[in-house]
S.K.: 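Questions regarding the structure given below will be posed in turn.
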Amino acid sequence: SAVISQKPSRDICQRGTSLTIQCQVDSQVTMMFWYRQQPGQSLTLIATANQGSEATYESGFVIDKFPISRPNLTFSTLTVSNMSPEDSSIYLCSVGQGSTDTQYFGPGTRLTVL
Amino acid sequence: AQSVTQLGSHVSVSEGALVLLRCNYSSSVPPYLFWYVQYPNQGLQLLLKYTTGATLVKGINGFEAEFKKSETSFHLTKPSAHMSDAAEYFCAVKIGGYNKLIFGAGTRLAVHP
């Protein structure tokens, strides 16, 4: 499976600011995904990011709040904009691989907003 | 609509005892099913998956799961729990040509001496 890294691993931010999270994969992949895991909760898909096209957002998530870039087949960024304490979560990227597009996850970015 | 139900948000077992984590899904078409494990302060690691073929699938760390279509279940088992198995376990379903993973709420497994 692909090796996935995320930067930063954790951050503490002030409300009203923005944070950009990077996801790097060691091989080329078509599909990348961004998830949010709120404290004590399961994972919720934010958006699917395919190279060369606009990200597809799930219900409840909008591009103005969570802009995503996918400049090539090994890299993506998620920005959390105009943050509030409710944005405090773990943000994870994943990639789909193989004939069944099995998803493999990065280590996550733990975000705390004060 | 597809959904996943994990029965029991917390499960506690003794070291050496059987681990059974329950997962039921709802899908109108044959699903792909997955179990992931999340250790504290880490991302998700794939334990095992069922896509087609043999309904009993074996994964890492001695875990296995059986797909039972008649019961719409994909329960995760391990014959003998180890202290290192303490973690959060997530069941997930993916429908055929769609790439979206639907996750269950998760089950936190505690293993005590």
Side-chain angles (χ1 to χ4, degrees), chain A residues 1-11 21 23-25 29-51 53 55-61 89-112, chain B residues 1-10 21 23-25 29-54 57 59-60 65 67 74 87-110:
Chain A
S1 62
V3 176
I4 306 165
S5 60
Q6 287 185 232
K7 290 182 179 179
S9 59
R10 59 178 62 230
D11 207 341
I21 302 168
C23 180
Q24 180 76 53
V25 190
V29 294
T30 301
M31 310 201 69
M32 295 183 76
F33 307 86
W34 286 99
Y35 288 84
R36 181 177 71 182
Q37 186 179 24
Q38 294 177 299
Q41 303 294 316
S42 186
L43 281 76
T44 301
L45 180 64
I46 297 172
T48 301
N50 292 339
Q51 196 268 338
S53 63
T56 302
Y57 289 83
E58 295 297 306
S59 176
F61 297 96
S89 297
I90 300 173
Y91 292 86
L92 301 106
C93 70
S94 72
V95 302
Q97 285 197 307
S99 59
T100 57
D101 284 319
T102 297
Q103 288 189 31
Y104 298 91
F105 286 80
T109 295
R110 185 177 297 270
L111 171 62
T112 302
Chain B
Q2 298 76 36
S3 65
V4 178
T5 301
Q6 292 184 239
L7 187 61
S9 58
H10 291 80
L21 304 183
C23 174
N24 287 88
Y25 68 91
V29 298
Y32 294 166
L33 296 158
F34 305 84
W35 276 99
Y36 289 89
V37 60
Q38 185 176 36
Y39 297 102
N41 299 314
Q42 295 188 27
L44 270 68
Q45 181 180 7
L46 180 67
L47 270 180
L48 49 78
K49 64 180 179 181
Y50 169 79
T51 54
T52 59
V57 293
I60 61 172
F67 169 59
F74 191 56
E88 186 93 21
Y89 291 81
F90 293 96
C91 181
V93 61
K94 185 168 85 79
I95 307 302
Y98 299 93
N99 293 296
K100 180 177 178 179
L101 270 180
I102 308 296
F103 282 88
T107 297
R108 183 168 298 276
L109 175 66

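Protein chains get the first letters and strands the later ones, always in sequence-line order, with residue 1 at the start of each.
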S.K.: Counting distance only, does the side-chain N/O of A:Ser42 pair as donor-acceptor with the main-chain N or O of B:Gly106 below 3.5 Å?
M.R.: no

S.K.: What residue, out of B:Thr52, B:Asn41, B:Leu46, B:Ile102, has the most heavy-atom pairs lying under 4.5 Å from chain A?
M.R.: B:Asn41

S.K.: Side chain, backbone, both or neither: which part of A:Gln41 has a heavy atom under 4.5 Å from chain B?
M.R.: backbone

S.K.: For chain B, which of A:Ile90, A:Leu45, A:Thr102, A:Thr48 has the most heavy-atom pairs under 4.5 Å?
M.R.: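 Maximum pair count with chain B is reached by A:Thr102.
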
S.K.: Please flag which part of A:Gln37 lies under 4.5 Å from any non-hydrogen atom of chain B: side chain, backbone, both or neither.
M.R.: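 The side chain, not the backbone.
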
S.K.: Could you look at B:Gln38 and say if it's the side chain, the backbone, both or neither that has a heavy atom under 4.5 Å from chain A?
M.R.: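 Looking at B:Gln38, just its side chain touches chain A.
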
S.K.: Find the distance between NZ (B:Lys94) and CD (A:Gln103) and round it off to the nearest 0.5 Å.
M.R.: 7.5 Å

S.K.: Counting only heavy atoms closer than 4.5 Å, note whether A:Leu92 contacts chain B via side chain, backbone, both or neither.
M.R.: side chain

S.K.: What part of B:Phe103 is in contact with chain A, defined as an atom under 4.5 angstrom from a non-hydrogen atom: side chain, backbone, both or neither?
M.R.: both

S.K.: CZ of A:Phe33 to CG of B:Leu101: how many Å apart, nearest 0.5 Å?
M.R.: 7.5 Å

S.K.: With rounding to the nearest 0.5 angstrom, report the CZ to CZ distance, B:Phe90 to A:Phe105.
M.R.: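 If I round to the nearest 0.5 Å, the distance is 9.5 Å.
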
